[in-house]
Every structure is written in structure tokens, then in C-alpha cells.
Colleague: 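Sending over a structure as C-alpha cells; questions will come in a sec.
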Amino acid sequence: MRKYTTVIGLEIHAELLTETKIFCACKNTFGDAENSSCCPVCIGLPGALPVINHRAVELTVAAGLSFGCEISRYTVWDRKNYFYPDLAKAYQISQLYAPLCIGGGVTVGGRFIRLNRIHLEEDAGKLIHSRGGVKIDYNRAGVPLIEIVTEPDLRSAEEATEFVERVRRTLVYAGVSDGKMEQGSLRVDANVSVMPEGTDVYGTRTEIKNINSFRFIKSAIEFEAARQSELIESGGRVVQETRRYDEASGETFSMRSKEDAHDYRYFPDPDILPLIITDADVEKIASGLDESPEKRLNRYAGYGISAIDCETVLANKIIADFFDAVVAGGIEPTEAVNAVKGELMRCFNAAENKDGLPVSAEDFIKGLKLVAEQKISRNGFKESVNHMFFERKSLDAVLEEYKLVIKEDRGLIDGAVAAVIAENPKALRQYKDGDQKVFGYFVGQCARLLKGAAQMSTIQAVLKEALDKA
Ligand code: ADP
Ligand code: MG
Ligand code: ZN
């Protein structure tokens with residue numbers, strides 16, 4: 001069998017983080033009671049008129065700026081007509097002829113993957129299939145959605161997966177989308193074709209619709225590429241069609257033949273005026289953008305943090321923001337990264353709610369400083385982070401409640417020192433003979449006995465005095 005190169009172009013849909021829907025004042029939320037956030041506009045009652053939500057436009061421009069797209073100064077809205085029960089109006093308001101963002105790209109593993117466009121449109125409702133029949137929830141209808149379309153530049157399932165992860169991260173950092181694939185805020189259509197290795201004429205593609213997890217992006221593309229190459233090798237031809245990925249069997253199945261743009265009878269929506277975007281609008285949005293993950297990566301590399309640690313911190317913006325606050329609070333970056341990776345992320349990974357952190361950076365910094373001053377032990381710090389995190393208490397409260405501040409009892413220390421000296425006559429002789437190395441051994445024995453009840457500096461001072469007198 002000949003070897004084949006896989007060619008992939010993606011269409012990534014991301015729901016925007018607006019308060020309200022794109023053409024009405026209904027709330028844009030997830031998980032509310034079915035059909036509780038709907039109105040005549042988003043369920044398409046005759047005569048209802050759409051009004052554009054400018055925040056949705058701003059977030060689309062923010063996405064475009066993050067990916068280096070050219071921002072259109074003039075944009076229009078088109079009706080894409082088709083019938084499906086989740087689309088009550090029987091048309092979707094979208095952008096075919098004048099998308100908001102054009103070009104741009106994302107670098108993945110050193111390769112630049114070009115974007116074709118990013119356009120803004122409205123999401124459709126959701127069908128809920130169950131034994132008793134099908135229900136329709138229109139809460140999602142009219143939620144602002146961007147579609148990010150790539151050129152067919154991707155060459156493997158891994159690269160495509162990595163690309164989506166990069167796109168997701170950038171959108172989250174820019175505050176454009178929450179990027180939650182498990183809630184459907186991010187959905188991927190993969191266009192896949194194969195061509196014999198060494199040739200450069202693209203084969204016929206199929207489109208796999210609505211992939212909703214990173215794992216499935218990889219397995220769906222791998223299955224589809226293998227299916228196509230085997231088909232061609234056995235003398236068959238790939239037909240251009242829309243397919244769906246079945247998660248249980250790991251296979252793709254034909255859904256329908258591919259529709260063309262003219263099948264949708266696109267035409268300009270007469271209810272909404274074209275939108276003019278000025279240079280000042282674009283500048284304002286650009287200046288409000290948070291530092292991108294790529295820029296943060298460069299900054300972190302300058303701190304002398306390993307590449308793996310940079311990725312770990314950057315993988316979640318909540319963690320990265322926290323890390324930045326800890327560094328800004330005066331903790332050395334290398335120390336901060338260890339504490340964040342260790343004490344904080346251990347709790348975060350175990351937490352159910354990952355939408356925020358119940359520990360303040362101030363308390364975290366204060367705790368690290370107490371460790372440096374030997375007022376609490378490292379283990380005491382770990383314990384206090386745990387209590388602060390899961391019991392939602394302040395550092396002062398948990399230090400008090402769990403008695404984590406080292407309170408020195410001089411009698412106890414004297415006793416421990418005396419006991420250790422008495423138990424080690426040989427080491428004492430060595431010390432008296434001028435062997436300074438055994439001092440460390442004595443310190444270790446005392447610390448073990450005192451289990452965090454004394455600061456190192458106190459142990460050293462008391463021990464030195466006792467040894468010289470012994
Ligand atoms: P349509 O609008 O009909 O879906 P487009 O030309 O906009 O077609 O392409 C849609 C997606 O298909 C894009 O992401 C593009 O990169 C991808 N694509 C186009 N040709 C191929 C091909 N031969 N193999 C893989 N992907 C392709
Ligand atoms: Mg398409
Ligand atoms: Zn509405």
C-alpha cells in the first residue's frame with residue numbers, strides 16, 4: 001500500500017462570553033431550565049426584529065486581533081436558509097460575504113497554520129433525544145458564535161489537536177470564550193482528505209461534523225484518513241460528503257451529501273444594517289486585550305522557568321494569573337512556580353469547581369514569607385493551603401485553628417538537645433576533636449525529635465551552646 005499524507009482544514013465554533021444573546025436581550029447562560037431564556041426574537045416569531053449586541057462584535061474583533069487577522073471595517077449579515085427543528089426561523093443569521101476577520105494564523109510546533117476567516121453568527125437551539133421522543137431547548141438559540149475557518153494547512157491528527165488546543169487557549173486568555181468543549185462552547189468540524197505521499201494535489205474531502213472532545217478530534221481524523229486511503233488503494237473514490245463520528249465505535253458514518261453555498265439561498269438580511277468599524281474601535285479593543293499566552297510564555301522563559309513548567313502554569317489562565325500575582329508580590333519566580341505547581345495545583349486539580357480559586361494570592365504570598373522566616377514549616381504551609389482552599393478560610397484563621405505557627409518552648413528544645421547529645425557520645429567526641437561536620441548530624445537529630453516545634457536557627461544556637469559546654 002502506498003503511503004498517504006493527511007490534509008486537514010478545521011472549522012471551529014466558539015460561543016462568546018457575552019451577558020446576553022446576539023440579537024435580543026435574553027441571557028446567554030448554560031445549564032438553565034429548558035426554554036427559560038427565550039423571547040420572540042430568538043425563537044423567530046414573525047415580526048420580531050433583531051438588534052445587534054455590540055459586545056459580540058467586540059469579542060469577535062478581539063479574537064481576530066489575537067490571531068493576527070485583518071479586521072473588516074465594513075461588515076454585513078446574511079441569511080443562511082435551511083430547515084431544522086432547532087432553528088425556529090428556518091434561517092441562521094451569519095456572515096458569508098463580508099466576515100469580520102480575514103486571514104491571520106496560529107503557529108503550532110513551528111509551522112504557521114493560516115486562518116481563512118473568522119465570522120460571527122448565531123447558534124441554534126439544542127435537540128435533546130430521549131426514549132420518550134425529542135425535546136427542543138431554545139436557550140442556546142441566538143447565543144453568539146464565532147466560526148474560525150482554517151486553510152487546509154494541517155497535516156496530521158496530532159497537529160490538528162494541538163492546533164485546537166492553541167486556539168482554545170488564546171480565546172480563553174482573550175476573554176472571548178470559556179472554551180469548554182464538554183459544555184459545547186467549543187465544537188470542531190474537521191475537513192479531511194488524503195493524497196499519496198510526495199504529491200501535492202489535494203484529494204476530495206469529507207467533513208466530520210461537531211466533534212466535541214480533544215480525544216475525538218484525533219481519533220475521528222485518524223479513522224477517516226485510514227478509511228479514505230484504503231478506499232483509494234482498493235480502487236474506490238472518496239465522495240464529498242458530511243460525516244458524523246460515532247464515539248462508541250470510533251468510526252465515521254455518512255450523514256448526507258455535501259451541500260454547497262447556493263443550497264442555502266444566502267442573501268443579505270434586510271432586518272439588520274451593515275456595521276461600520278472604525279480604527280478607533282479597533283484600537284480600543286486592542287488596548288483592552290489581556291496579555292496573550294505567547295507573550296506570557298516569553299516572559300516566563302525570561303524568569304528561568306523550564307519549558308514544561310511554563311506550559312503547566314499557562315494551561316489554565318486562572319493558574320497563570322495567580323502565578324503572576326505571586327511573582328508581583330515579591331516571591332522569586334522559580335520559588336513561586338514550585339509553590340503554585342505543588343501546593344496550589346494539588347488542591348485545584350482535586351477541586352470540583354474550576355471556575356476560580358478560593359485562596360487569595362495575598363494569603364499565599366504571606367504563607368511563603370512565613371516559611372522563609374521559619375515561622376511555619378513547609379509542611380505547615382502545605383497544610384494551610386489545603387485548609388484555605390477547601391474550607392474557604394483566610395490564612396490567619398487556619399494558622400490559628402490548626403496551630404501551625406511554630407511556637408517555641410525553650411524547655412522542650414533544651415530537653416531534646418540534651419537527649420541527642422547524651423545518646424551520641426561518639427559523635428560528641430568527634431565534635432570535641434574539631435570535626436565540624438558532625439554538627440549537621442546533631443542538628444538533624446534534634447529537628448527530627450522536635451518535629452517542627454522549633455526553628456532551625458534556634459536549634460542551631462541552642463545546640464552550639466550545649467555542645468561547647470558538654
Ligand atoms: P465550504 O464553505 O464549502 O465548507 P470551504 O472552501 O470554505 O468550503 O472549506 C471549508 C473547510 O474545508 C476549510 O477549513 C478548508 O481548509 C477545508 N478544505 C478545503 N479543501 C480541503 C481538502 N482538499 N482537504 C481538507 N480540507 C479541505
Ligand atoms: Mg463548511
Ligand atoms: Zn431572545
Side-chain angles (χ1 to χ4, degrees), residues 4-13 18-29 32 35-45 47-53 56 78 80 82 88-89 93-97 99 102-106 113-119 121-125 137-144 147-157 159-160 163-164 167 188-196 199-209 211 217 220-221 224-225 228-229 232 237-243 256-264 266:
Y4 287 83
T5 303
T6 310
V7 174
I8 306 145
L10 299 177
E11 293 160 81
I12 302 175
H13 287 98
T18 53
E19 297 275 324
T20 55
K21 294 187 181 181
I22 182 169
F23 295 121
C24 61
C26 292
K27 276 216 309 276
N28 169 13
T29 49
D32 281 355
N35 296 306
S36 61
S37 186
C38 306
C39 75
V41 174
C42 54
I43 59 168
L45 294 190
L49 286 173
V51 177
I52 183 78
N53 175 351
D78 301 299
K80 179 178 182 179
Y82 67 95
K89 302 197 291 292
I93 304 178
S94 180
Q95 302 189 296
L96 179 68
Y97 299 109
I102 297 163
V106 178
I113 308 300
R114 292 167 302 154
L115 298 189
N116 173 281
R117 60 193 278 156
I118 303 176
H119 66 252
E121 60 190 24
E122 57 180 334
D123 208 344
D137 179 6
Y138 286 112
N139 283 351
R140 202 176 71 180
V143 165
E147 181 170 337
I148 302 170
V149 184
T150 77
E151 297 294 343
D153 287 352
L154 295 155
R155 288 293 175 272
S156 73
E159 194 176 51
F163 175 84
V164 177
V167 167
V188 176
D189 299 344
N191 295 270
V192 180
S193 67
V194 298
M195 58 186 178
T199 62
D200 55 7
V201 179
Y202 291 164
T204 303
R205 72 183 146 113
T206 60
E207 177 170 1
I208 312 164
K209 281 278 182 200
I211 309 173
I217 297 172
I221 294 173
E224 184 57 17
Q228 291 183 11
S229 16
I232 296 169
R237 266 183 57 235
V238 175
V239 264
Q240 189 167 340
E241 64 184 355
T242 303
R243 298 178 72 86
R256 55 177 191 254
S257 68
K258 167 95 179 99
E259 58 290 314
D260 283 315
H262 64 248
D263 295 325
Y264 289 116
Y266 275 101

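Atoms within each ligand, like the ligands themselves, are counted from 1 in listed order.
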Colleague: Show your working on side chain to side chain contact (heavy atoms under 4.5 Å, CB included) between Glu122 and Cys42 and close with a plain yes or no.
Modeller: CA-CA 9 Å; Glu122 57 180 334; Cys42 54; over 6 Å; no
Colleague: Please determine whether Cys38 has a backbone or side-chain N, O or S atom lying under 2.8 Å from the Zn ion (ligand 3).
Modeller: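 Not a single backbone or side-chain N, O or S atom of Cys38 is under 2.8 Å from the Zn ion (ligand 3).
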Colleague: Applying a 4.0 Å heavy-atom criterion (strictly less than), which segment of Glu151 is in contact with ligand 1: side chain, backbone, both, or neither?
Modeller: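 The backbone, only.
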Colleague: Only one of Val164, Val167, Ile148 forms a side-chain contact (heavy atoms from CB on, under 4.5 Å) with Val188, so which one is it?
Modeller: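 Going through the options one by one, the only one that passes is Val164.
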Colleague: Suppose I only count heavy atoms of Glu11 and a 4.0 Å limit; which atoms of ligand 1 are within that range?
Modeller: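 In order of numbering, the contacting atoms are 10 (C), 11 (C).
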Colleague: With heavy-atom distances below 4.0 Å as the criterion, list the atoms of ligand 1 near Gly203.
Modeller: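 Under 4.0 Å from Gly203, ligand 1 has these atoms: 23 (N).
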Colleague: Between Tyr202 and ligand 1, is there a nitrogen or oxygen pair with a distance under 3.5 Å?
Modeller: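 Between Tyr202 and ligand 1 (N or O atoms, distance only) the closest approach is not under 3.5 Å.
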Colleague: Under a 4.0 Å heavy-atom limit, does Thr204 contact ligand 1 with its side chain, its backbone, both, or neither?
Modeller: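 No part of Thr204 comes within reach of ligand 1.
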Colleague: Between Glu207 and ligand 1, is there a nitrogen or oxygen pair with a distance under 3.5 Å?
Modeller: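 No, since none of the N or O atoms of Glu207 sits under 3.5 Å from an N or O of ligand 1.
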Colleague: Polar-atom distance check: Val149 versus ligand 1, any N or O pair below 3.5 Å?
Modeller: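 In fact, backbone or side chain, Val149 has no N or O that close.
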Colleague: Are the side chains of Glu121 and His13 in contact, using a 4.5 Å heavy-atom criterion?
Modeller: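 They are in side-chain contact.
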Colleague: With the Zn ion (ligand 3) at the apex, how many degrees lie between SG of Cys26 and SG of Cys39, rounded to 10 degrees?
Modeller: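 If I round to 10°, I get 100°.
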Colleague: Could you tell me if the side chain of Leu96 sits less than 4.5 Å from the side chain of Lys80, heavy atoms only?
Modeller: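 In short, these two side chains do not touch, never coming nearer than 4.5 Å.
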Colleague: For Ile8 and ligand 1, does the shortest N/O to N/O distance drop below 3.5 Å?
Modeller: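 Min N/O separation from ligand 1 is not below 3.5 Å for Ile8.
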